[in-house]
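Okay, structure first, notes after.
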There are 2 protein chains.
Amino acid sequence: MTGSTLPVVERPASSNNTEPIHFDLIELLFFAYRDFTSDPDELLLHYGFGRAHHRILHFVTHRPGMTVAELLDVLRITKQSLARVLKQLIDTGYIVQVPGPRDRRQRELYVTKEGKELALALALPQSRRIDAALREAGIQDRAALERFFRAMVNPERRRQLDRTTPSE
Amino acid sequence: MTGSTLPVVERPASSNNTEPIHFDLIELLFFAYRDFTSDPDELLLHYGFGRAHHRILHFVTHRPGMTVAELLDVLRITKQSLARVLKQLIDTGYIVQVPGPRDRRQRELYVTKEGKELALALALPQSRRIDAALREAGIQDRAALERFFRAMVNPERRRQLDRTTPSE
DNA sequence: GAATTATGTCAGCCTTGTTGACATAAATAC
DNA sequence: GTATTTATGTCAACAAGGCTGACATAATTC
């Protein structure tokens, strides 16, 4: 409720109050992302899964053989948070673990046939929404949009954006 | 854990398996949105607030005088969820309520000077991130990006995107 | 052989969603 | 003018998915 150090914001640091703020894009991003995630959310409900399961399924699908540590690094959550959700995906047969060939302490993660199919089913409505939006907005330069999103990511994390596996 | 009706997804409905999926954009949107929200999150911490407070502050700032019901409709959460967070913003003096002039049951919401300043401070890093990304991606056509985001929103909700107040 | 590393797990807490039930005041209907 | 509906608030309980701290095990490395 009450914070410790309240940064005074009467005049935001290094703002001369004339800087134009992209309020419209900020708000649009909120609405767009909310609806974007609502499609798979509905499907996940049928499986008793949540958005957290979706993320894991996505990354394991597209970076097959990644270790638990690598997954933690990409998702930026604690191993306790991951374990709770990952365990369910393993127990229900969507993901399997195999001991690392070089380092047998590691657990390499792979999706099963079911896992791959579920990941695809979850991505489908999202992809179609993007596709429809691209056409509706009359965007020919898809690469520009890709560059924009990439540039929105913190520089130090951009290397994680490199696909280890071509997108299906 | 176990759902009731498991939609079989061996071959996703109305997919001929040749449809290209925008896996890369789906993933980029996840990373971009995560970093995009991390900027204000850090600032909010100092106030003992969370992302929920940010959303309320944003909408009340840009649609001053909106009622509780209107805010609920925009945020798409329950009044119990809203109440918990809104109450804190009122108690700490960032938002005030005034009885509706026509209908005195309604509570019109307004940000205080402090609320407006906080909303601006929260928006600033997000706006700068967008600005930097636009330049970095070499996007001249800002309007196209705006159209894209707008098109990503469910059609029936797009009327909520119309600003009642020019963006500051 | 000892220390470090990769992973798993237990217990408890927080935020922000949810549902259901009920209270109050003001507007509207009859 | 009483009855109903509406706008808002509030209590209680629950769920998902974050978090911290502590500890266990097996395998690797020093």
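Sequence lines set the chain letters: A, B, ... in the order given, protein chains first and strands last, and positions in each chain run from 1. As the structure is a computational prediction, the values presented were derived from the model and not from experiment. Below, each value reflects all heavy atoms present in this structure, side chains not excepted, and no hydrogens, waters or symmetry copies.
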>> Let's test your reading of the pairing rules: Watson-Crick or G-U wobble, both distances under 3.5 Å, then write DNA chain C as a dot-bracket string with ( ), [ ], | and dots.
In response: ||||||||||||||||||||||||||||||

> Between A:His62 and B:Glu27, does any side-chain donor sit less than 3.5 Å from a side-chain acceptor?
Replying inline: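 No.
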
> Can you tell me if B:Arg129 and A:Asn154 form a side-chain donor-acceptor pair at under 3.5 Å?
Replying inline: yes

Rounding to an integer number of Å, can you tell me how far [X] [atom1] sits from [N] [atom2]?
X: B:Glu42; N: D:dC19; atom1: CD; atom2: P; answer: 15 Å
X: A:Leu44; N: D:dA16; atom1: CG; atom2: P; answer: 13 Å
X: B:Asp91; N: D:dT10; atom1: CG; atom2: C1'; answer: 14 Å
X: A:Arg76; N: D:dC19; atom1: CZ; atom2: C1'; answer: 15 Å
X: A:Gln88; N: C:dT9; atom1: CD; atom2: P; answer: 13 Å
X: B:Asp73; N: D:dA7; atom1: CG; atom2: P; answer: 12 Å
X: B:Arg107; N: C:dT24; atom1: CZ; atom2: P; answer: 15 Å
X: B:Lys87; N: D:dG9; atom1: NZ; atom2: P; answer: 10 Å

Between the protein and nucleotides 23-30 of chain D, list the N/O to N/O atom pairs that are separated by less than 3.5 angstrom.
from	atom 1	to	atom 2	distance (Å)
D:dT28	OP1	A:Arg104	N	3.3

> Does the pair A:His22 and B:Arg142 meet the rule for a side-chain hydrogen bond (donor to acceptor under 3.5 Å, both in side chains), with working shown?
Replying inline: CA-CA 11 Å; A:His22 296 287; B:Arg142 202 198 100 119; 2.5 Å; yes

>> Please compare B:Glu108 and A:Leu82 by the position of their nearest nucleotide in DNA chain D and report the one closer to 5'.
In response: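 Checking each residue's closest nucleotide, the 5'-ward one belongs to B:Glu108.
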
>> Please determine whether a side-chain nitrogen of the Lys or Arg among B:Arg158 and A:Asp35 lies less than 4.0 Å from a carboxylate oxygen of the Asp or Glu.
In response: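 Salt bridge between B:Arg158 and A:Asp35, a charged N being under 4.0 Å from a carboxylate O: no.
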
>> Does this structure show an ion pair linking B:Glu136 with A:Arg150, if we count only N-O contacts that are shorter than 4.0 Å?
In response: no

> Closer to the 5' end of DNA chain C via nearest nucleotide, is it A:Arg84 or A:Ile90?
Replying inline: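 Nearest-nucleotide comparison on DNA chain C picks A:Ile90.
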
>> Between the base of C:dG12 and the side chain of A:Gln80, is one N or O donor paired with an acceptor at under 3.5 angstrom?
In response: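 Looking at the base of C:dG12, it does not pair with any donor or acceptor on the side chain of A:Gln80 (distance under 3.5 Å).
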
> Do B:Met66 and B:Ile90 share a hydrophobic cluster, counting only Ile, Leu, Val, Met, Phe, Trp and Tyr and linking them when any side-chain heavy atoms are less than 4.5 Å apart?
Replying inline: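 B:Met66 clusters together with B:Ile90.
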
Quick one: is [X] getting a side-chain N or O under 4.0 Å of the [N] phosphate, OP1 or OP2?
X: B:Arg55; N: C:dG17; answer: yes
X: A:Thr78; N: D:dC19; answer: yes
X: A:Ser81; N: D:dC19; answer: yes

> How is A:Arg51 classified with respect to the nucleic acid when contacts are heavy atoms under 4.0 Å: base, sugar-phosphate, or nothing?
Replying inline: sugar-phosphate

> Within the structure shown, what part of the strands sits under 4.0 Å from B:Gln97 by heavy-atom distance: base, sugar-phosphate, or nothing?
Replying inline: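 Here B:Gln97 touches the backbone only, sparing every base.
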
>> Under the rule for side-chain hydrogen bond (donor to acceptor under 3.5 Å, both in side chains), what residues qualify as partners of B:Gln97, not counting sequence neighbours?
In response: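 Not a single residue meets the side-chain hydrogen bond (donor to acceptor under 3.5 Å, both in side chains) criterion with B:Gln97.
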
> Where do B:Val111 and B:Val60 come nearest, in terms of heavy atoms and distance?
Replying inline: N-CG1, 3.7 Å

> Got more than 12 heavy atoms from elsewhere within 6.0 Å of CD, B:Glu156?
Replying inline: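 Yes - once you tally the heavy atoms of other residues, nucleotides and ligands closer than 6.0 Å, there are more than 12.
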
> In a check of side chain to side chain donor-acceptor pair (under 3.5 Å) between A:Asp41 and each of A:Arg51, A:Arg34, A:His54, which one passes?
Replying inline: A:Arg51

